[in-house]
Number of protein chains: 2
Amino acid sequence: MSNIQDVAALAQVSTATASRALSRPEMVADGTRKRVMKAAQQLGYQPNVMARSLRQRESRTVGLIVADILNPFHALLAKGVQDTAEQQGYVTLLFNSDEQPEKEARAINTLRGHLLQGLIVVPTSGTRDHLKALPKLPVVELDRVSGNPQASTVTVDNVSGARAATAHLTGLGHTRIGMIVGQQNISTGVDRYAGYRAGLESAGLAYDPALVRSGHHREDDGHRAALELLASPDVQRPTALFVGNNEMTVGAVLAARELGLRIPEDLSIVGFDDSRWAQTMSPPLTVVAQPAYELGVHACEQLFSLLHGAGRAARVQLPTELIIRHSTGPPPDF
Amino acid sequence: MSNIQDVAALAQVSTATASRALSRPEMVADGTRKRVMKAAQQLGYQPNVMARSLRQRESRTVGLIVADILNPFHALLAKGVQDTAEQQGYVTLLFNSDEQPEKEARAINTLRGHLLQGLIVVPTSGTRDHLKALPKLPVVELDRVSGNPQASTVTVDNVSGARAATAHLTGLGHTRIGMIVGQQNISTGVDRYAGYRAGLESAGLAYDPALVRSGHHREDDGHRAALELLASPDVQRPTALFVGNNEMTVGAVLAARELGLRIPEDLSIVGFDDSRWAQTMSPPLTVVAQPAYELGVHACEQLFSLLHGAGRAARVQLPTELIIRHSTGPPPDF
DNA sequence: ATGAAAGCGCTAACAT
DNA sequence: ATGTTAGCGCTTTCAT
């Protein structure tokens, strides 16, 4: 590939002038600028970002670590981030933590070597520690918070979302409402659980720990948890289930089907996070929808404002929206 | 961040020795190696990849351009590629073309600046042209082929897959089988269409252009196309539909539902590409499944063998698998 | 407005 | 086995 020296030679100027013509056009005479441009054009010149980064000591690179790009929610986050970064001329280095702190640590190290200028991360339980190693780096935590007090965060109002879901269910007359909660060392897990309990309380319903099962975030966990919850005899079985994330909801729905439970006649289900799957399953699923793409966009914007020195750490919180479809209805009467 | 000079100083050696101790341990005395290691450890030293790439003139970076990370098939491709690249110590720069040749061209240019060592691309209609600008670059085309004769390709046997789908339908007794085909300037679109026609022919069925609609790849297109195809009066309406990709299949199923057609009693549907959605919709969808993750892995392996000079351009083709679920059955009798 | 020259951090000759 | 030095491609003083 041709370099700026080739361009300079072809345009009959020094490399300094060529460089200026390309990146600070106003500092160069009209005629020379045109010559340089033309030469660059002819040679198909593309600046070497390695060299530029090395010299300028900034890489125009942001790091992004999501849990798993195969999860549509995370894919949406990633696209929101990446589209926004691209508009600003930044490149995004994407990694999956697969919810494993060690993978996250490796990703962070790789990113360090690339002199990332900022990091957007969907934290795992290890994030807070890992970030201590890079105290000067602008960081935005996305979707979840690690507990690091000085990090910027962009999340959804999980407590309200979960409360709305629960209130919807109590409003329909349910009194035995189960929940499948996510990991309690992840903020969304605890917040949604808190919202559920708050919703119960608002409705004057007693909290019954027997109605709650926890899982990691995977479909399997949701399946197993639902099976346990729904295996009880009819009189004790919950008449409604609130599931803490999208993957586990799939498992729960499948479990209900296996048990021959009709939705919503025998069992109402509300999931957290919308998806195509939720929209097209039958019956269409009532969900707490999250503005996933916007979450990514906001995180990236927040990061850039940190990068440009404008504004300090902030905590952005976006609203959720309860979308009532057909997986919820009044409880069966005994 | 500390650099190799800091490490060298702390370990009381020259930078050359420090560098060797870190990347060619065998060239250095045991004692010094340990001192350097320890110093690096203490300082949390992470080599600056910009500087290293600049010097070595290789970036350990591969480019990956998929159509859209939001499409689960493409997310799976991406993860296969990225996991494999990571194992080899390469970083993946991921871009979405969103099926737009111009976006692809931009991505390629950005990648050029990053001195990518190889490119894996799910081609758009413009790829062949765009690649002419970088004749020396190892390229693997993934999922689709651009027509560039010297590119390596990793694809699925689309013709056989489509033929199997069609044969399944004819085997059930269908004689009026419609198809919603993808863009005919994309290889998967033409191959699946060819497979459909071959399947018809094997069964001794006449090809009827009135039973075919084309669309881009989007859900909307599938929806519109299915509406057109299914709006015909009962006697003419196809009794089965083969849809050329996952997104359009969603649209087609939704259209069938809107028209009150029962699946599979009134209409059988086969989709191309499996997905969670296909598995959990009701009835579960019969599909031509593709080994998406493996496709990504193979593409990356292929690229590395190109990179290491081993082997020339190759054309890897993986098999598809027809998964018969419950969206297909015998045609209704009139 | 332009050019000469230094230097970002690293590694690979080339000494010793 | 270790050190000295040059140079990857670029931008940015500092001169002119």
Side-chain angles (χ1 to χ4, degrees), chain A residues 1-40 43-61 89 91 109-117, chain B residues 1-40 43-61 89 91 109-117:
Chain A
M1 244 189 38
S2 50
N3 58 29
I4 201 165
Q5 311 221 40
D6 302 332
V7 175
L10 184 55
Q12 317 219 50
V13 294
S14 70
T15 59
T17 305
S19 173
R20 282 189 283 252
L22 262 8
S23 30
R24 293 166 142 76
E26 74 283 3
M27 290 184 67
V28 132
D30 257 33
T32 34
R33 195 185 64 240
K34 275 182 196 144
R35 283 210 321 283
V36 172
M37 295 298 205
K38 190 170 161 210
L43 296 171
Y45 170 72
Q46 185 75 20
N48 180 328
V49 300
M50 309 291 171
R52 174 182 287 175
S53 298
L54 191 58
R55 173 65 227 240
Q56 298 190 141
R57 328 184 89 228
E58 57 171 46
S59 58
R60 305 212 122 224
T61 291
V91 159
N109 261 337
T110 303
L111 284 166
R112 279 219 300 151
H114 283 260
L115 298 194
L116 80 172
Q117 296 190 243
Chain B
M1 244 191 38
S2 50
N3 59 25
I4 203 166
Q5 312 222 39
D6 302 333
V7 175
L10 183 56
Q12 317 221 46
V13 294
S14 72
T15 59
T17 304
S19 172
R20 280 189 286 253
L22 263 8
S23 31
R24 292 166 143 81
E26 73 282 3
M27 290 184 65
V28 132
D30 258 34
T32 35
R33 197 187 60 242
K34 276 183 195 142
R35 286 211 319 283
V36 173
M37 294 298 203
K38 190 169 160 209
L43 296 171
Y45 170 71
Q46 185 76 19
N48 180 329
V49 300
M50 309 292 171
R52 174 182 285 175
S53 299
L54 190 57
R55 175 62 227 237
Q56 299 190 140
R57 329 186 87 226
E58 57 172 45
S59 58
R60 306 210 122 226
T61 292
V91 159
N109 261 337
T110 304
L111 284 166
R112 280 219 303 151
H114 284 260
L115 298 195
L116 79 172
Q117 295 189 242

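Chain letters run A, B, ... following the sequence lines, proteins first and then strands; every chain starts at 1.
Here CD1 of B:Ile4 is found 5.5 Å from CG of B:Leu22. Values are rounded to the nearest 0.5 Å. Going from atom CZ of A:Arg52 over to atom CD of A:Glu58 covers 9.5 Å, rounded to the nearest 0.5 Å.
Looking only at side-chain heavy atoms (C-beta outward), A:Thr61 and A:Gln117 stay at 4.5 Å or farther from each other. Residues A:Lys38 and A:Lys34 have side chains not in contact (no heavy-atom distance under 4.5 Å, counting atoms from C-beta outward).
Of the residues near DNA chain D, B:Arg33 and A:Thr15, the one whose nearest nucleotide (by heavy atom distance) lies more toward the 5' end is B:Arg33.
Atom CD in A:Glu26 sits roughly 10 Å away from atom P in C:dA1 (whole-Å rounding). The interatomic distance linking A:Gln5 (CD) with C:dA5 (P) rounds to 14 Å, in whole Å. Rounded to whole Å, the distance from NE2 on B:His114 to P on D:dC8 is 21 Å. Distance B:Met27 CE to C:dT11 C1': 11 Å, rounded to the nearest Å. Regarding B:Asp6, its CG atom lies at a distance of 12 Å from the P atom of C:dC8, rounded to whole Å. The separation between A:Asn3 atom CG and D:dG7 atom C1' is 13 Å, rounded to whole Å. Atom-to-atom, CG of A:Leu22 to C1' of D:dT11 comes out at 12 Å; the value is rounded to the nearest Å.
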- Item | Stepwise side-chain contact (heavy atoms from CB on, under 4.5 Å) check, B:Val36 with B:Val28 | CA-CA 10 Å; B:Val36 173; B:Val28 132; over 6 Å; no

- Message: Please evaluate residues B:Val49 and B:Arg60 with respect to the criterion side-chain contact (heavy atoms from CB on, under 4.5 Å), reporting the C-alpha separation (whole Å), side-chain torsions for both, the decisive distance (0.1 Å), and the verdict.
- Response: CA-CA 9 Å; B:Val49 300; B:Arg60 306 210 122 226; over 6 Å; no

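Among C:dT11, C:dT2, D:dC10, the nucleotide with an atom closest to any side-chain atom of A:Ile4 is D:dC10. Listed nucleotides C:dT11, C:dT2, C:dC14 differ in distance to A:Arg20; the shortest reach to its side chain belongs to C:dT2. Nearest nucleotide to the side chain of B:Ala16, out of C:dT2, D:dG3, D:dT2: D:dG3.
Look at A:Ser19 and you won't find any side-chain N or O under 4.0 angstrom from OP1 or OP2 of D:dC10. The shortest distance between the side-chain N/O atoms of B:Thr17 and the OP1/OP2 oxygens of D:dG3 is below 4.0 Å. Between D:dT2 and B:Thr32, a contact under 4.0 Å exists linking OP1 or OP2 to a side-chain N or O.
Heavy atoms of B:Arg24 sit under 4.0 angstrom from primed sugar atoms or phosphate atoms, though from no base atom.
By the 6.0 Å contact criterion, CD on B:Gln56 is enclosed, its count of non-hydrogen atoms from other residues, nucleotides or ligands being greater than 12.
If you check residues 45-58 of chain B against DNA chain D, the residues with a heavy atom closer than 4.0 Å are B:Leu54, B:Arg55, B:Arg57, listed by number.
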